[in-house]
Amino acid sequence: MGRPIAMFDSGFGGLTVARAVIDLLPGVDLVYFGDTARYPYGPRTAEEVRHFALQISDWLVTEFDPKVLVVACNTATAVALEDLRVRYPLPVMGVLEPGLESLLAVTTSGRVGVIGTVGTIASGAYQQAAEAIAPDVELTCAACPGFVEFVERGDTDSEQVHVLAQRLLTPIIEAEVDALLLGCTHYPFLARTIANVLGPEVVLVSSADETAFSLLRELDPVATAEPSGRRGTYTFVSTGDVDTFAHLGRQLLGPELGTVVAHCWGDS
Ligand code: DGL
């Protein structure tokens, strides 16, 4: 295995980013870390999530010497990305900037929305980044507590999730945005419900896909070209139950998710 791309998320959601990376960069090696024992991060304090992000990243950098570290979690990106960038002498990518840049590229009205976990929206990270990149854009943010739990239960289009979406997306509807960023790893699975609530004129942008495209641009295209069709190797690590991770993870990511390695911190 060469120097891999290392990525982490609070649990399964970041597998949407991993899937997009595998599709775009099939020749590169990938290590995915899902902190399922401490999931979800969304309702936790910023200090807690920052501590987890540093702990996981220290371990990934020490164990795997990655060429890029990807924070495949919006909540962790929102509170820890800058600390991680200062800490390691390697490129550290989050899901916030790629998603936001794509959102700003597709809007024609200049009115855009971002939805995410309570932790992500409360951090103010999207609001600050948008203000810095595009101060003239009118950004409406909405936290969507409950969305992640519906997705984890495999419920993405029931009457209940539709009613919840209708309520939580009210500020987005009232702001008359023409583009909405799904600023949480799980929300792409709710795209159909969200689209039904918002109507076809609102463009939905997935931070998972945009992060993979950014990674493609970041990495040297020569170094990432597939030598004679070589496929990358994929390593999956979970702090929670590895059988559950393998089972659910395979449904989300696909057949590339093989054996899952257990990891225990010892202090949590
Ligand atoms: N991965 C988290 C995010 O993208 C969602 C799940 C959680 O709350 O841990 O914000």
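Atoms within a ligand are numbered from 1 in the order they appear, just like the ligands themselves. FYI, side chains are in, hydrogens and waters are out, and symmetry mates aren't considered; it's all heavy atoms of this structure. Everything numeric here is computed off the predicted structure, so don't read it as measured data.
Looking at heavy atoms from C-beta onward, F236 lies out of side-chain contact with V261 at the 4.5 angstrom threshold. For the pair V31 and F8, the minimum side-chain heavy-atom distance is 4.5 Å or more.
Closest of all the heavy-atom pairs between T211 and V70 is CG2-CG1, 4.0 Å.
Proximity of a side-chain donor or acceptor of Y126 to a complementary backbone N or O of C141 within less than 3.5 Å is not detected.
Counted by atom type alone, R38 and Q55 present one or more donor-acceptor pairs between their side chains at under 3.5 Å.
By the 3.5 Å distance cut-off applied to N or O atoms, A72 is not counted among the residues near ligand 1. For ligand 1, the polar-atom distance check against Y39 finds no nitrogen or oxygen pair separated by under 3.5 Å. The shortest N or O to N or O distance between D9 and ligand 1 is under 3.5 Å.
Only the side chain of T117 comes within 4.0 Å of ligand 1, counting heavy atoms alone; its backbone N, CA, C and O stay farther away.
Distances from atom 5 (C) of ligand 1 to the heavy atoms of G14, G13, C184 put C184 nearest.
At the top of the distance list for atom 10 (O) of ligand 1, counting protein heavy atoms only, stands T75 OG1, 2.6 Å. Counting only heavy atoms of the protein, atom 6 (C) of ligand 1 lies nearest to S10 OG, 3.6 Å. The protein heavy atom nearest to atom 8 (O) of ligand 1 is G42 N, 2.8 Å.
Of all atoms in ligand 1, numbered sequentially from 1 with element shown, those under 4.0 Å from a heavy atom of Y41 are 7 (C), 8 (O), 9 (O).
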Note to self: Set out, in order, the CA-CA distance, both residues' side-chain angles and the distance that settles ring pair (Phe, Tyr, Trp, His ring centres under 6.0 Å) for F52 and W59, then state yes or no.
What the structure shows: CA-CA 11 Å; F52 296 161; W59 185 77; over 10 Å; no
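For the side chain to side chain contact (heavy atoms under 4.5 Å, CB included) test with Y187, the passing option among N74, L182, V151, T16 is L182; the others fail.
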